[in-house]
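Comments concern the structure below.
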Amino acid sequence: MGQTPISRARRRLAVALSGWMLLLGALPSPGAQAPPTGLNITILDGEGAINSIKQRTAREPIVQVEDENHRPIAGAIVIFTLPDRGASGVFANGSRSMTITTDAQGQARAVGLRPNNAEGQMQIQVSVSYQGLTASAVITQANAAGGAGAAAGGGVSTGKIIALLAVLGGAAAGGIVAATRGGGSTSTTSTGPPPPTPTSVSAGAPTFGPPR
């Protein structure tokens with residue numbers, strides 16, 4: 001028994017509606033962000049830092065992951081890797097590698113970085129992956145035996161400030177002494193009567209002559 005025209009029309013309508021539903025499902029919803037086509041890595045902190053071997057302190061590297069339009073990407077996987085030999089260190093997990101997921105601002109921080117005892121330049125490898133896309137970057141730091149601190153061009157330490165004040169204080173005192181000496185006069189304070197001025201008497205040769 002064949003289908004009636006009405007049945008055939010209903011069947012065609014159902015097929016057409018199914019096709020439209022599939023097409024609508026494939027389209028992105030309003031306000032949804034399209035998948036990125038490229039990744040950018042911006043180094044926010046840690047580049048050029050000098051890590052103190054003596055104090056076991058270092059500047060923690062921070063990066064931001066963005067798409068091709070420089071919009072932050074949340075949920076990207078970031079792997080920080082330290083060198084296997086030479087100037088290197090470990091992260092807070094005790095390993096030379098740390099994996100971090102970017103936050104809502106697209107940022108990832110490798111916490112707890114501590115330098116080893118080797119001096120020299122250290123390169124931190126940064127690898128990023130997100131939805132099949134990958135990107136990489138290098139953060140260059142240096143391990144120093146002195147107490148230079150973990151700041152890249154950081155401020156003046158407390159010890160340096162104290163030494164500077166001491167030098168300035170000494171220079172000011174030297175300037176006062178030089179001023180009093182150069183002026184050729186000094187100021188003194190006396191609370192008693194002035195001491196008597198000594199008088200010297202010298203005896204000359206006797207002279208003789210008629211009385212005046």
Side-chain angles (χ1 to χ4, degrees), residues 21-160:
M21 292 298 295
L22 292 174
L23 179 61
L24 290 176
L27 294 176
S29 60
Q33 183 174 332
T37 59
L39 299 179
N40 294 317
I41 302 175
T42 301
I43 300 174
L44 300 181
D45 201 359
E47 176 65 28
I50 300 177
N51 305 323
S52 174
I53 295 175
K54 180 179 180 181
Q55 300 175 3
R56 299 301 301 275
T57 56
R59 179 66 64 89
E60 296 176 343
I62 305 175
V63 299
Q64 184 174 28
V65 181
E66 304 168 336
D67 63 10
E68 69 281 1
N69 296 316
H70 298 285
R71 292 177 297 189
I73 295 179
I77 304 301
V78 182
I79 303 176
F80 297 90
T81 306
L82 299 173
D84 293 333
R85 58 179 61 88
S88 184
V90 294
F91 294 108
N93 57 4
S95 173
R96 288 192 297 269
S97 179
M98 175 172 281
T99 302
I100 306 294
T101 302
T102 55
D103 57 17
Q105 288 74 40
Q107 298 181 10
R109 174 197 295 264
V111 298
L113 174 60
R114 292 180 299 167
N116 60 7
N117 295 325
E119 291 187 82
Q121 190 179 82
M122 174 177 67
Q123 291 188 337
I124 304 174
Q125 302 293 330
V126 182
S127 301
V128 178
S129 60
Y130 182 75
Q131 294 185 356
L133 301 175
T134 60
S136 62
V138 176
I139 300 176
T140 302
Q141 298 185 357
N143 292 351
V156 181
S157 63
T158 304
K160 291 183 180 179

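Between the side chain of Q64 and the backbone N or O of Q105 there is at least one donor-acceptor pair closer than 3.5 Å. The main-chain N or O of G75 is found under 3.5 Å from a side-chain atom of T102 such that the two form a donor-acceptor pair. Between the E68 side chain and the T37 main chain, a donor and an acceptor come within less than 3.5 Å of each other. The backbone N or O of N117 lies less than 3.5 Å from no partner atom in the side chain of N143, so there is not a single donor-acceptor pair. Side-chain atoms of Q121 never come within 3.5 Å of backbone atoms of A87 as a donor-acceptor pair (strictly under, hydrogens ignored). A donor-acceptor distance shorter than 3.5 angstrom exists from the side chain of S88 to the backbone of P83, with no hydrogens or angles considered.
Expressed to the nearest 0.5 Å, how far CD1 of I73 lies from CG of L133 amounts to 7.5 Å. Going from atom CG of N69 over to atom CG of N40 covers 9.0 Å, rounded to the nearest 0.5 Å. In this structure, T57 OG1 and R114 CZ are separated by 11.5 Å, a value rounded to the nearest 0.5 Å. Annotation: the span from N116 atom CG to M122 atom CE amounts to 8.0 Å, rounded to 0.5 Å. Taking CD of E60 as the start and CG of D45 as the end, the distance is 9.0 Å to the nearest 0.5 Å. Of the inter-residue distances, the one linking I41 atom CD1 with I43 atom CD1 reads 8.0 Å to the nearest 0.5 angstrom.
Of all heavy-atom pairs spanning A110 and F91, the tightest one is CB-CE2, 3.5 Å.
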